[in-house]
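Here the structure comes first, spelled out in structure tokens, and everything after it is commentary.
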Amino acid sequence: MKLTAMAPECGVEVSGVELATCNDAQMQDIKNAIYEHGVAVFRDQEFTPEEHIAFAKRWGGIDINNYFPLNEAYPEIALVKKEPDQQTNIGGAWHTDHSYDQIPAMGSILVARVLPPAGGDTMWAHMGAAYDALPDDLKEEIEGLEAFHTADHVYKSDGLYAQTDQGKSLRGHDVDTGAVHPVVIRHPHTGRKLLYVNTAFTIHFVGQTREESLPLLSKLFAAALTKTNQCRLEWKPGTVAIWDNRTTWHNAINDYQGHAREMHRITLSGEAIAA
Ligand code: SIN
């Protein structure tokens, strides 16, 4: 197995392994690479829906998505889909999935099924590198802080997606979400400190209103994206990406109007997170 960095501080391309048939030692190396680099990309994979599900089960549990349409034959697989006549895509702004759950999903395995002729890249940003780059006074200011996260303003029937042409295809309008997490967590496997707030789902610091929280939150959101902590993936048929939600933010670039894009996503169950 060969690992090639995608960017100075985020992402790794892994070659020389077939995800569908990898052995336990290779599986452990893949997990370690994702925990460290935040996202791993695999090219030219033969990965049927059955193999996608079987591979996901080797990580532990699968979280069935509450919001996205599900593959009719394989409900473990959520469809991240945009039709040629839709303007809005899914995940088209920086976010990390499931921070609104008390035990956030570990990550996702995303498989390209239908790609536009050009565009439709995905970007990730590494929150360990983001934390490391914070000035010392900002690190001190956020030490011990906790923040409240929810997805209600995004997925509820009066939420952001309902105002768009993705509204009709999404589900889960009555799901209530809300969780409190430390602003700086330690990665459950590597112990590395990670900045754990995100623009989509982090609303306020515990003990402060939204208005009181916004100046510091905005400073952290801006500091989370540095020149070197981002990587960008150009998808090709056969590409699979696996990422760690604790370690990264991601952003699906919506620059392919008039074309279809369909990805199969399985979300991997996570574990408790702590400072
Ligand atoms: C997402 O999971 O947020 C979407 C990622 C993508 O479609 O590239």
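Just so you know, ligand 1 is whichever comes first in the structure, and atom 1 is the first atom listed for that ligand.
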(message) Show me which atoms of ligand 1 lie under 4.0 Å from any heavy atom of Val80.
(response) 4 (C), 7 (O)
(message) What I want to know is whether Trp235 and ligand 1 share at least one N or O pair that is separated by under 3.5 angstrom.
(response) no
(message) Can you see whether Tyr131 has Lys139 sitting over its ring - NZ or CZ less than 6.0 Å from the centre and within 45° of the normal?
(response) yes
(request) Could you check atom 1 (C) of ligand 1 against the protein and tell me its nearest heavy-atom contact, residue, atom and distance included? (result) His250 NE2, 3.5 Å
(message) Can you name the atoms of ligand 1, numbered from 1 with element, that are less than 4.0 Å from a heavy atom of Gly91?
(response) 3 (O)
(message) Give me the nearest non-hydrogen protein atom to atom 2 (O) of ligand 1 as residue plus atom name, then the distance to 0.1 Å.
(response) Arg265 NH1, 2.7 Å
(request) Please state which part of Leu110 comes within less than 4.0 Å of ligand 1, counting heavy atoms only: side chain, backbone, both or neither. (result) side chain
(request) Please work out which of the three classes, parallel, tilted or perpendicular, describes the rings of His187 and His189, given edges at 30° and 60°. (result) tilted
(request) Can you pull out the closest protein heavy atom to atom 8 (O) of ligand 1? Residue, atom name and distance to 0.1 Å, please. (result) Thr122 OG1, 2.5 Å
(message) Any donor-acceptor pair under 3.5 Å linking the side-chain atoms of His149 with those of His181?
(response) no
(request) Scan side-chain atoms only and decide if Thr96 and Asn198 contain a donor-acceptor pair under the 3.5 Å cut-off. (result) no
(request) Could you pull out, from Arg261, Met123, His95, Met263, the option with a heavy atom nearest to atom 7 (O) of ligand 1? (result) Arg261
(message) Under a 3.5 Å cutoff, is there a donor and acceptor pairing between the side chains of Ser108 and Trp243?
(response) no
(message) Students often mix this up, so state it plainly: with edges at 30° and 60°, are the rings of Trp249 and Trp94 parallel, tilted or perpendicular?
(response) tilted
(request) Answer with yes or no whether the side chains of Lys82 and Asn254 bring together a donor and an acceptor at under 3.5 Å. (result) yes
(request) Enumerate the atoms of ligand 1 whose separation from the nearest heavy atom of Ala252 is less than 4.0 angstrom. (result) 5 (C), 6 (C), 7 (O), 8 (O)
